[in-house]
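A short worksheet on the structure shown next.
By convention in this document, chain letters (A, B, ...) are assigned in the order of the sequence lines, proteins followed by strands, and residues within each chain are numbered from 1.
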There are 2 protein chains.
Amino acid sequence: MTDVLEHTAALEQMVREMIDAVADRWTMLVLEALEEHGEVRFTRLAELVGGVSQKMLTKTLRQMERDGLVVRTVHPVIPPHVEYRLTDMGLSLSEAFCGVWQWVEAHQERVQVAREEFDARPKVMVAAK
Amino acid sequence: MTDVLEHTAALEQMVREMIDAVADRWTMLVLEALEEHGEVRFTRLAELVGGVSQKMLTKTLRQMERDGLVVRTVHPVIPPHVEYRLTDMGLSLSEAFCGVWQWVEAHQERVQVAREEFDARPKVMVAAK
DNA sequence: TTCTGTACTTACCAAATGGAAACCTTGAAA
DNA sequence: TTTCAAGGTTTCCATTTGGTAAGTACAGAA
């Protein structure tokens with residue numbers, strides 16, 4: 001019993017950790033870029049993602065590499081030549097996100113409308129009798 | 001042409017905004033809790049989500065309400081009685097996230113292994129000749 | 001008359017986030 | 001011999017994030 005509780009607690013913690021890692025702005029955008037373009041170099045990836053600083057791109061890629069989502073291939077030449085591509089796991093994650101991307105594309109207008117309505121609404125509301 | 005570019009830029013911005021809003025730790029957990037439990041009161045929701053502060057729960061719920069993902073129903077009694085439930089849009093988003101949840105559950109072990117391997121790996125690696 | 005329950009709101013504060021920009025490495029080209 | 005390239009790393013710094021704790025509102029119970 002205690003084992004089960006501890007196990008579910010540990011799993012729960014792992015799930016949250018993974019959500020934090022995976023449901024990240026730059027991670028999602030890198031995932032998408034790599035899915036679309038296959039193997040890509042660092043600078044090119046920065047262009048594809050757009051608006052990302054070197055620091056954040058490096059950090060994001062390292063994290064993804066650690067989690068087994070991308071492979072980093074260093075060609076020991078000068079100037080450096082480094083390529084990134086998705087692993088099978090990375091690819092499957094990007095497929096799992098497909099539904100979310102589609103949702104965002106399909107609902108962005110409705111969200112925009114909802115926001116405008118909310119902002120236009122008086123601040124104090126009570127349920128009608 | 002300029003119109004098209006501007007339009008895609010605006011859409012791109014909206015997509016990022018929505019990713020930021022939607023791919024949020026607490027948002028995802030609230031979404032899941034409300035999908036599982038239907039209409040729920042504030043304090044109960046805090047229990048279901050677990051580990052969330054009042055401040056963050058309020059903030060998250062307000063954001064979700066603004067985006068049209070949840071409905072907030074205030075019953076004007078004392079002490080206050082407030083219920084939250086998903087809208088159709090909220091429900092469809094939680095369904096869109098289904099794939100991600102499944103991915104996380106299915107791959108957490110592999111991710112853990114990948115991390116251990118990465119951490120055990122020497123720091124400097126070059127592509128083999 | 002003080003206490004309780006519920007759903008906040010606010011003030012305060014420490015920690016984390018993340019951008020900008022400078023610096024680094026090394027071989028080759030100008 | 002200065003410059004450049006690619007892919008970082010590091011430092012500095014402002015902003016954001018988010019937790020804790022206290023305050024608020026108000027009717028009914030004790």
Side-chain angles (χ1 to χ4, degrees), chain A residues 16-17 19-30 33-34 37 39-66 70-85 118 121-127 129, chain B residues 13 16-17 19-30 33-34 37 39-66 70-85 118 121-127:
Chain A
R16 293 208 179 188
E17 226 175 278
I19 289 172
D20 287 349
V22 136
D24 167 76
R25 189 195 162 100
W26 298 127
T27 301
M28 287 182 67
L29 293 168
V30 166
L34 288 181
H37 294 84
E39 196 159 34
V40 173
R41 295 177 66 180
F42 184 84
T43 305
R44 176 84 183 114
L45 193 50
E47 289 169 16
L48 290 174
V49 170
V52 65
S53 66
Q54 280 195 334
K55 185 179 160 182
M56 284 314 291
L57 184 55
T58 305
K59 193 183 161 193
T60 303
L61 286 168
R62 281 300 184 297
Q63 224 162 236
M64 292 175 77
E65 193 194 0
R66 185 169 112 98
V70 305
V71 181
R72 176 168 177 265
T73 310
V74 180
H75 301 278
V77 294
I78 281 167
H81 186 120
V82 180
E83 286 178 321
Y84 295 90
R85 64 182 161 79
F118 182 90
R121 214 155 100 182
K123 276 151 219 162
V124 183
M125 292 273 289
V126 276
K129 244 191 180 172
Chain B
Q13 201 214 329
R16 294 206 177 190
E17 226 176 277
I19 289 173
D20 288 349
V22 133
D24 167 75
R25 187 196 164 95
W26 298 126
T27 302
M28 287 182 69
L29 293 169
V30 166
L34 289 180
H37 295 84
E39 195 159 34
V40 174
R41 295 177 64 180
F42 185 84
T43 304
R44 176 83 181 114
L45 192 50
E47 288 169 16
L48 290 174
V49 170
V52 65
S53 66
Q54 281 193 336
K55 185 179 159 182
M56 282 315 291
L57 184 55
T58 306
K59 193 183 161 192
T60 303
L61 286 168
R62 282 297 184 297
Q63 222 162 237
M64 292 175 76
E65 193 195 0
R66 185 169 112 98
V70 305
V71 180
R72 176 168 177 267
T73 311
V74 181
H75 301 278
V77 294
I78 283 167
H81 187 119
V82 181
E83 286 178 321
Y84 295 90
R85 64 181 162 81
F118 182 91
R121 216 154 98 183
K123 277 151 219 161
V124 182
M125 293 273 290
V126 276

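Minimum interatomic distance between A/Leu57 and A/Val52 (heavy atoms only, all atoms of both residues): N-CG2, 3.7 Å. Residues B/Val70 and B/Leu61 approach most closely at CG2-O, 3.9 Å, considering heavy atoms.
An end-to-end axis angle of 40° holds for the helix from C/dT1-D/dA30 to C/dA30-D/dT1, taken from five base pairs per end and rounded to 10°.
If you measure from atom CD1 of B/Ile78 to atom P of D/dC26, you get 7 Å, rounded to the nearest angstrom. We find that CD of A/Gln63 is positioned 12 Å from C1' of C/dT17, with the value rounded to whole Å. Atom P of nucleotide C/dT17 and atom CG of A/Leu57 are separated by 17 Å, given to the nearest angstrom.
Across B/His37, B/Arg72, B/Glu39, a single residue satisfies side chain to side chain contact (heavy atoms under 4.5 Å, CB included) together with B/Tyr84, and that is B/Arg72. Partner A/Glu47 forms a side chain to side chain contact (heavy atoms under 4.5 Å, CB included) with one of A/Thr43, A/Val49, A/Leu45 and no other, that one being A/Thr43.
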Would you be so kind as to tabulate the donor-acceptor pairs closer than 3.5 Å made by side chains of residues 19-29 of chain A, with sequence neighbours excluded?
residue	atom	partner	partner atom	Å
A/Asp20	OD1	B/Arg25	NH1	3.4
A/Asp20	OD2	B/Arg25	NH1	2.7
A/Asp24	OD2	A/Trp26	N	3.1
A/Asp24	OD2	A/Thr27	N	3.0
A/Asp24	OD2	A/Thr27	OG1	3.0
A/Arg25	NH1	B/Asp20	OD2	2.7
A/Thr27	OG1	A/Ala21	O	3.4

remark   = Expected string for nucleotides 6-22 of chain D under the B/S/- scheme (protein heavy atoms, under 4.0 Å, primed atoms plus P, OP1, OP2 as sugar-phosphate) is BBBB-B------BBB--
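Atom CD in B/Gln13 sits 5.5 Å away from atom CD in B/Glu17 (nearest 0.5 Å).
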